[in-house]
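Here's the structure we're looking at; comments come further down.
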Amino acid sequence: MLKAYIEFWTKIGALNAKATRKQFWVPFIVHSMILLILLISTHQVGSFIHGHVIALNPIVGYSDSLPSTLLFFAIVLPTLFITVATFTSLCRRLHDAGFSAWWAVIDLLFIPFWWGLLILIIALLPSKEDPRWPTNQSDF
């Protein structure tokens with residue numbers, strides 16, 4: 001599991017490769033847990049669950065304490081890095097399942113819940129041999 005997580009961060013630029021289910025899902029689950037912990041610690045869970053965008057001005061947000069404000073900013077930067085890395089990992093996972101990475105681009109452009117759920121279900125599909133992407137991310 002640790003190898004899959006390390007590969008997630010070291011193979012960010014490998015868009016023209018494949019990623020197995022384990023190589024995609026281990027980091028995805030770890031980052032989901034980290035995001036949940038950060039949201040809970042900054043009292044932003046309510047706004048996240050109800051579909052509100054986290055306020056860019058944390059003083060106007062749900063908590064006005066200094067530690068909560070600092071933790072709010074601690075969410076923004078890691079979330080941006082994780083989003084970019086997860087996008088590239090999703091592209092590799094889609095390649096491995098026999099789909100084009102354009103599905104991930106559509107997922108970024110159209111964020112509705114059902115489309116994202118469809119992409120995650122596709123990420124659960126088993127690997128397929130595809131001559132367009134013969135190389136696994138481990139081989140890069």
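In what follows, every heavy atom counts, from backbone to side chain, and hydrogens, waters and symmetry copies are set aside. For clarity, every value in this text was computed on a predicted model and none was experimentally measured.
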Exercise. So, does His95 use its side chain to make a donor-acceptor pair with the main chain of Lys18 at under 3.5 Å?
Worked result: no

Exercise. How long is the gap from SG on Cys91 to CH2 on Trp102, to the nearest 0.5 Å?
Worked result: 10.0 Å

Seminar exercise, completed: Interatomic distance, CD1@Ile29 vs CD1@Ile34, rounded to 0.5 Å, equals 12.5 Å

Seminar exercise, completed: Of all heavy-atom pairs linking Pro27 and Lys22, the shortest is CD-O, 4.0 Å

Exercise. Atom CD1 of Ile6 and atom CD of Gln23: how far apart are they, to the nearest 0.5 Å?
Worked result: 12.5 Å

For this session: Kindly indicate whether the side chain of Trp103, heavy atoms from C-beta on, has any atom under 4.5 Å from the side chain of Leu118.
Result: yes

Problem set entry | Min side-chain heavy-atom separation Arg21-Pro126 under 4.5 Å | yes

Donor-acceptor pairs under 3.5 Å, side chain of residues 74-84 to any protein atom, not counting sequence neighbours: which ones?
from  : atom 1 : to    : atom 2 : distance (Å)
Thr79 : OG1    : Ile75 : O      : 2.6
Thr83 : OG1    : Thr79 : O      : 2.6

Exercise. Just how far is it from atom CG of Leu117 to atom CD1 of Ile122, taken to the nearest 0.5 Å?
Worked result: 10.5 Å

For this session: Mind running side-chain contact (heavy atoms from CB on, under 4.5 Å) on Leu36 and Met33 for me, showing each step along the way?
Result: CA-CA 5 Å; Leu36 182 62; Met33 291 187 311; 5.6 Å; no

For this session: Determine, step by step, whether Asp96 and Phe24 satisfy the side-chain contact (heavy atoms from CB on, under 4.5 Å) criterion, reporting the C-alpha distance in whole Å, the side-chain angles of both residues, the deciding distance to 0.1 Å, and the verdict.
Result: CA-CA 10 Å; Asp96 190 54; Phe24 174 77; over 6 Å; no

Exercise. Which heavy atom of Leu90 sits nearest a heavy atom of Ala123, and at what distance?
Worked result: CD1-CB, 4.5 Å

Problem set entry | side-chain contact (heavy atoms from CB on, under 4.5 Å) assessment of Trp25 paired with Leu124 | CA-CA 9 Å; Trp25 284 105; Leu124 287 170; 3.7 Å; yes

Problem set entry | Thr88 side-chain N/O to Ile12 backbone N/O, donor-acceptor pair under 3.5 Å | yes

For this session: Measure the CZ-CG distance between Phe87 and Leu15 for me, rounded to the nearest 0.5 Å.
Result: 7.0 Å

For this session: To the nearest 0.5 Å, tell me how far Phe8 CZ sits from Arg92 CZ.
Result: 7.5 Å

For this session: Take the angle between the ring planes of His31 and Trp9 and call it parallel below 30°, perpendicular above 60°, tilted in between.
Result: perpendicular

Problem set entry | 4.5 Å side-chain heavy-atom contact, Arg93 and Ser127 | yes

